[in-house]
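One structure is given below, encoded as structure tokens.
Order of the sequence lines sets the chain letters (A, B, ...), proteins ahead of strands, with each chain counted from 1.
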There are 2 protein chains.
Amino acid sequence: MARTVSERSDVLPLLAEAFREHGYEGASLALIGEATGLGRGSLYHFFPGGKEEMASAVLGEIEAWFETNIFEVLRTAEHPESALLQTLDATEEYFRSGRRICLVGAFALSDTRDRFSRALRHYFNEWRAAVAAALTKTGQTSPEAAANAEEIVLGIQGALVLARALDDPGIFSRAIGRIRSRLPKARTKRRRSGNG
Amino acid sequence: MARTVSERSDVLPLLAEAFREHGYEGASLALIGEATGLGRGSLYHFFPGGKEEMASAVLGEIEAWFETNIFEVLRTAEHPESALLQTLDATEEYFRSGRRICLVGAFALSDTRDRFSRALRHYFNEWRAAVAAALTKTGQTSPEAAANAEEIVLGIQGALVLARALDDPGIFSRAIGRIRSRLPKARTKRRRSGNG
DNA sequence: GTCTATAGATCGATAGAC
DNA sequence: GTCTATCGATCTATAGAC
């Protein structure tokens with residue numbers, strides 16, 4: 001058998017899955033060891049702060065993914081309407097059409113919330129602000145955009161809860177579909193008031 | 001010091017709060033003992049099945065509350081529009097305007113989901129069906145009502161997640177407000193097509 | 001019916017060999 | 001850098017006195 005990983009960044013996705021499946025408390029070091037194929041020694045070599053540092057690193061990795069693939073795209077979009085559609089697709093794919101939960105949301109409802117409250121706050125605030133920024137660029141007023149952004153993010157989280165509880169990924173897909181259908185339509189700039 | 005409770009039903013609300021605050025895994029028997037003022041002996045007298053039976057009883061109590069105060073009201077309403085408003089008020093009060101989480105939703109996102117999957121499924125299915133039944137009675141078609149009911153329940157859950165993560169109960173209140181404003185308006189039956 | 005004491009398992013974390 | 005052995009703390013559950 002080969003020497004396996006030896007890169008901290010390679011371990012993070014495996015760690016993330018372990019926390020997603022079992023929660024922070026439920027993911028014991030024995031379980032994490034199985035999931036990563038690493039012994040306690042290696043784990044503590046990569047994460048001297050123990051389990052808390054593991055979870056913190058995972059949250060950072062998730063935040064970074066959303067920053068790159070969602071938030072940044074929304075904030076810098078020249079065509080906000082298509083950016084909203086594109087990031088909605090990415091979101092649907094990320095959550096595997098409702099079969100995967102949002103670890104940040106799960107942490108928010110658990111007693112680990114206080115431990116990671118800064119990360120949770122930052123993640124959802126950035127998400128909400130990025131969607132609002134894109135909506136504003138489509139012509140919505142600032143209060144409109146803020147309300148709609150909040151509703152979109154909250155709808156995604158609620159859909160994940162319900163999809164998980166009822167074991168029905170279709171709930172998530174339908175929710176994404178409703179969000180998509182209510183997005184502002186891009187105005188074709190070449191014609192005035194084009195029909196379509 | 002008095003003999004304290006000695007009624008199983010008196011312990012349930014205290015148990016519920018303990019599970020809400022610390023989650024299933026996080027609520028240790030030591031913590032539960034403090035929250036209820038009962039020793040292990042008394043706890044195991046009331047709940048021979050241990051912690052699992054405690055959580056199960058709490059879920060049953062929650063389900064019963066919603067059955068009485070929400071589901072039944074919605075299903076049997078003569079005036080579905082006002083029943084929807086009334087149960088929305090009750091929901092807002094139950095979740096203390098967003099300061100209290102939904103234990104069923106929290107369980108859905110944790111690894112205890114499988115253990116209580118039947119209870120979770122039943123709770124959310126009943127909720128969704130009851131809202132849909134009321135919406136149907138207001139004149140919505142069956143598919144319309146089903147989609148809207150799903151969106152309402154999911155919106156409540158998502159609002160609780162976001163409110164908790166951002167430590168901002170206002171998110172929940174705003175979400176309830178949006179739901180309320182989109183509810184079908186009662187038609188005044190005495191006049192035809194009264195202006196409102 | 002309620003308590004204390006404690007069994008037996010598992011937890012996160014550390015030490016030290018290689 | 002990775003492992004195994006093991007620590008002390010904490011967990012759920014049980015036993016038995018009152």
Side-chain angles (χ1 to χ4, degrees), chain A residues 1-60 103 106-107 110-116 119, chain B residues 1-59 103 106-107 110-116:
Chain A
M1 191 177 280
R3 257 299 179 218
T4 64
V5 276
S6 80
E7 279 269 13
R8 185 181 136 127
S9 59
D10 295 335
V11 192
L12 285 179
L14 301 170
L15 269 178
E17 270 314 297
F19 282 123
R20 246 186 276 269
E21 281 180 35
H22 305 100
Y24 182 75
E25 319 258 11
S28 68
L29 288 196
L31 232 50
I32 290 174
E34 285 180 29
T36 58
L38 258 41
R40 278 162 163 65
S42 306
L43 252 13
Y44 274 86
H45 170 70
F46 288 131
F47 308 97
K51 207 162 90 158
E52 180 156 349
E53 187 176 339
M54 299 179 206
S56 209
V58 164
L59 287 177
L103 186 61
F107 275 13
S110 78
D111 69 331
T112 60
R113 180 192 68 144
D114 295 340
R115 206 193 294 253
F116 304 110
Chain B
M1 188 176 282
R3 257 291 180 228
T4 63
V5 276
S6 80
E7 279 268 12
R8 186 182 137 127
S9 59
D10 295 334
V11 192
L12 285 179
L14 302 170
L15 270 179
E17 270 315 297
F19 282 124
R20 246 186 275 270
E21 280 180 34
H22 305 101
Y24 182 76
E25 320 258 11
S28 68
L29 287 195
L31 231 51
I32 291 174
E34 286 180 30
T36 58
L38 259 39
R40 279 160 164 63
S42 307
L43 253 12
Y44 274 87
H45 169 70
F46 288 130
F47 308 97
K51 208 162 86 158
E52 179 156 350
E53 187 176 340
M54 299 180 205
S56 209
V58 165
L59 287 177
L103 186 61
F107 275 13
S110 78
D111 69 330
T112 59
R113 180 192 68 146
D114 294 341
R115 209 192 294 251
F116 304 110

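Following rounding to the nearest Å, A:Leu43 (CG) and D:dC3 (P) show an atom-to-atom distance of 9 Å. The CD1-C1' distance, from B:Ile32 to C:dC3, rounds to 18 Å in whole Å. One can place CG of A:Leu38 at 6 Å from P of D:dT2, the figure rounded to the nearest angstrom.
Applying the side chain to side chain donor-acceptor pair (under 3.5 Å) criterion to B:Glu34, with sequence neighbours excluded, gives no partner residue. By the side chain to side chain donor-acceptor pair (under 3.5 Å) test, A:Glu21 is found to be paired with no residue, residues two or more places apart in sequence or in another chain being considered.
Taking the six-membered ring where tryptophan is involved, the planes of A:Phe19 and A:Phe107 are perpendicular, since the angle between them exceeds 60° and thus also 30°.
The backbone N or O of A:Leu31 sits less than 3.5 Å from a side-chain atom of A:Ser28, completing a donor-acceptor pair.
Contact check for B:Glu52 versus B:Phe116: side-chain heavy atoms found under the 4.5 Å cut-off.
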In B/S/- notation (B base, S sugar-phosphate only, - none; protein heavy atoms under 4.0 Å), nucleotides 4-18 of chain C written 5' to 3' is BB-----SBBB----
